Amino acid sequence: MTCHEARQAFSDLFDEGLPPAARDDVRAHLQACPACQAEWSAFQQAVRAVSDLGGAEPSPGFAARVRQALEAPPWWERTARWIFLPLKVKVPLQAAALLVLGLAGLLLYERSPDLRKRTEPLTTRPPAAAREAPPAPAPPETPASAPAPEAVKAAERGAPPPAAENRQADTAAQPSSQDEPARGAQAAKDKAKEAEQPAPAADALQKTEAAPEARLGQADSALTVRRSEEPPAREAESGAAAGRAQQPQQAPTPAALPPPSRKSLAARTPDALYSAALTELAGKRYEQAVSGFRAFIAQYPHDPKVPYARLALGDAQAAQGRQPEAIQEYDALLQQFPQSPLVPTALYRQAQARLALGDPSGCPQLRDLAERYPRAPEAGQARDALTKRCP
Amino acid sequence: MAREPRLLPGGPIMSEADRHPPDEDHALVAHAQAGDTRAFEALVRRHQRWVFTLALRMIGDAAEAEDLAQDVFLKAYRGLAGFRGTARFSTWLYSIASHHCLNALEARGRQPLHQREPERTGEDDPPPRLERLANGAPGADTLLERQERAQLVQAALARLKTDQRLIVVLRDIQGMSYEAIAEALGIELGTVRSRLHRARMELKGLLAPHLTNDQ
């Protein structure tokens with residue numbers, strides 16, 4: 001059997017799916033080939049490591065949330081309820097809101113001359129007798145606000161201006177169609193007035209066009225500031241990675257700062273601090289361990305090992321018989337990291353500390369642990385402790 | 001760690017989903033099909049662990065996995081009318097869960113989150129390991145090491161192709177048989193075997209440098 005053939009059979013060999021003869025051939029090859037034996041060991045370790053991941057539970061109340069999602073009304077019903085219910089509250093509020101909007105619109109109309117002038121021809125129409133008389137010529141205009149020639153000619157001959165033809169066709173049955181000439185002249189007047197205002201608009205446009213450049217400059221400076229601020233924030237968030245990378249990320253000039261020595265960096269890395277505290281704990285120097293873990297947490301509050309440091313702090317205090325302090329440390333872990341996989345461990349050890357003090361609240365805590373985390377190793381320990389120490 | 005003896009591939013290996021008697025599942029399904037949401041909630045409780053585990057190992061993020069798991073159950077509820085009872089409910093649910101996870105990953109257009117890979121710190125004298133505290137409980141460093149190992153393995157899983165990852169999760173974590181996997185995914189038995197082998201060899205290559213020193 002070749003090495004390739006042997007390695008191709010690894011999966012079947014692991015799952016005991018080979019016929020006996022083939023299995024013996026593979027095993028014989030593995031005994032004779034150290035390289036394949038090493039590969040086989042690595043294969044087994046990898047598959048077992050995946051199996052050891054095991055299962056996981058969703059957060060408490062998952063099933064109830066699924067049922068709530070199933071029972072939730074459709075979106076249109078939820079929208080209608082949100083708009084109209086409760087009736088006694090929402091309908092008056094909505095009516096009041098409409099009233100306020102209406103008053104605001106009226107106020108705006110009263111205080112805006114342009115708006116009033118635009119709507120004046122619609123509200124002040126000449127009586128029916130005036131429709132029979134020839135239309136009056138256009139009022140004298142200043143040169144800057146002269147109406148369009150076509151509109152003036154149309155007004156003089158009594159025909160609607162070209163722009164009003166479509167409107168007249170739509171409203172042919174209405175008596176207001178004969179007002180079109182006057183309205184057209186007014187519209188032409190307004191257009192001429194609008195034509196007088198290019199300068200301010202152009203100024204505003206120029207200012208707007210100039211603004212992007214200034215904004216780019218501001219954006220550049222903001223980006224520079226942000227870049228200079230980034231490395232320290234990144235170091236704080238992943239102190240372990242930054243410490244291990246050992247690269248200065250913020251250097252104004254290459255020659256301005258001397259490269260930090262490996263030794264001085266090693267003294268400040270989170271792993272070094274944590275390991276030093278762990279060494280103290282292993283040597284039963286509990287006071288030094290407590291100081292070390294506290295310094296680690298203070299310097300690297302966002303390091304992923306902080307929950308473990310909290311647990312170790314509690315253990316160090318408990319080892320010295322300081323149960324109240326231990327309870328506080330476990331509580332800090334539970335409060336700050338409610339989703340941590342260490343929660344069952346912290347709950348169990350905190351309950352044990354309480355029972356050691358003669359505090360009966362340790363018993364309900366053990367029951368709660370066993371119910372909430374039935375598959376955690378500590379659940380079995382909690383059930384044993386309940387049997388032995390709790391009524 | 002001693003492993004329990006396994007039967008031949010394709011044999012009735014007890015997976016998490018199959019621990020519940022199928023008769024009870026069918027009774028609950030019947031009630032749920034009649035509109036009883038509490039019956040469906042009971043079904044959710046029976047199967048939520050493995051559905052969530054499948055989503056978690058595929059996605060790598062607990063919050064997203066919970067959303068996915070919820071979507072799986074909602075989809076299952078809406079499709080309950082189409083469940084005839086000819087197969088096990090768990091097999092039918094596995095099919096929904098597997099395809100939903102694959103579709104979700106494809107829609108995201110990315111691999112799941114890469115977990116942090118712990119590196120050796122490089123100290124000359126690594127700290128002594130606190131295997132057990134005086135009362136026999138594992139010390140904080142052992143728990144940390146387990147957590148880091150789990151993150152490492154999850155990161156390696158994340159590097160597999162989605163179809164290979166799914167096979168590994170169903171076989172090596174969920175404990176499904178080859179036949180059950182083939183039925184749930186709608187593929188041939190030979191495809192399951194070959195895909196599983198390639199995935200495991202890939203994992204071996206990714207994990208070997210990190211695991212050899214620990215064994």
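Note that the structure is predicted; figures quoted are calculated from it, not measured. Reckoned from all heavy atoms, side chains included, excluding hydrogens, waters and symmetry mates. Order of the sequence lines sets the chain letters (A, B, ...), proteins ahead of strands, with each chain counted from 1.
Contacts between A/Tyr274 and chain B at a heavy-atom distance below 4.5 Å involve the side chain alone, from C-beta outward. For chain B, the nearby parts of A/Pro58 are the backbone and the side chain; heavy atoms of each come within less than 4.5 Å. Heavy atoms of A/Glu378 lying under 4.5 Å from chain B are absent altogether. Of the two parts of A/Ala319, neither the backbone nor the side chain holds a non-hydrogen atom closer than 4.5 Å to a non-hydrogen atom of chain B. Of the two parts of A/Glu39, the backbone and the side chain both hold a non-hydrogen atom closer than 4.5 Å to a non-hydrogen atom of chain B. Heavy atoms closer than 4.5 Å to chain A are found nowhere in B/Arg198, neither backbone nor side chain.
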Next item on the list: Give the C-alpha distance, both sets of side-chain angles, the deciding distance and a yes or no for side-chain hydrogen bond (donor to acceptor under 3.5 Å, both in side chains) between A/Asp12 and B/His197.
Entry: CA-CA 8 Å; A/Asp12 289 329; B/His197 177 72; over 6 Å; no
Checklist line | Stepwise salt bridge (charged side-chain N to carboxylate O under 4.0 Å, His left out) test for A/Arg310 and A/Asp331 | finding: CA-CA 9 Å; A/Arg310 284 274 178 216; A/Asp331 206 54; over 6 Å; no
Checklist line | Worked check of salt bridge (charged side-chain N to carboxylate O under 4.0 Å, His left out) between A/Arg67 and A/Glu71 | finding: CA-CA 6 Å; A/Arg67 184 165 68 85; A/Glu71 293 173 347; 3.0 Å; yes
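Of the listed residues (A/Thr345, A/Leu70, A/Leu311), the greatest number of heavy-atom pairs within a distance under 4.5 Å of chain B belongs to A/Leu70. Options A/Ala64, A/Pro341, A/Ala309, A/Ala63 differ in how many heavy-atom pairs under 4.5 Å they form with chain B, and the most are formed by A/Ala63. Heavy-atom pairs under 4.5 Å with chain B peak, among A/Ala312, A/Ser41, A/Ala49, A/Ala38, at A/Ala49. Looking only at heavy-atom pairs under 4.5 Å with chain A, the residue among B/Met201, B/Gln70, B/Gln147, B/Gln48 that has the most is B/Gln48. Most heavy-atom pairs under 4.5 Å with chain B: of the set A/Ser11, A/Ser59, A/Pro307, this distinction falls to A/Ser11. Note: B/Leu74 leads B/Leu74, B/Leu56, B/Leu43 in heavy-atom pairs under 4.5 Å with chain A.
Between A/Glu57 and B/Thr53 the shortest side-chain heavy-atom distance does not fall below 4.5 Å.
A salt bridge does not link B/Lys161 with B/Glu202: every distance from a Lys NZ or Arg NE/NH1/NH2 to an Asp or Glu carboxylate oxygen is 4.0 Å or more. By the 4.0 Å N-to-carboxylate-O rule, B/Asp172 lies too far from A/Arg48 to be salt-bridged with it.
Remark: B/Lys204 is not positioned above the aromatic ring of A/Phe43, lacking an NZ or CZ atom under 6.0 angstrom from the ring centre and at most 45 degrees off the axis.
Contact record, B/Ala55 with B/Ala65: CB-O, 3.6 Å, taken as the closest heavy-atom pair.
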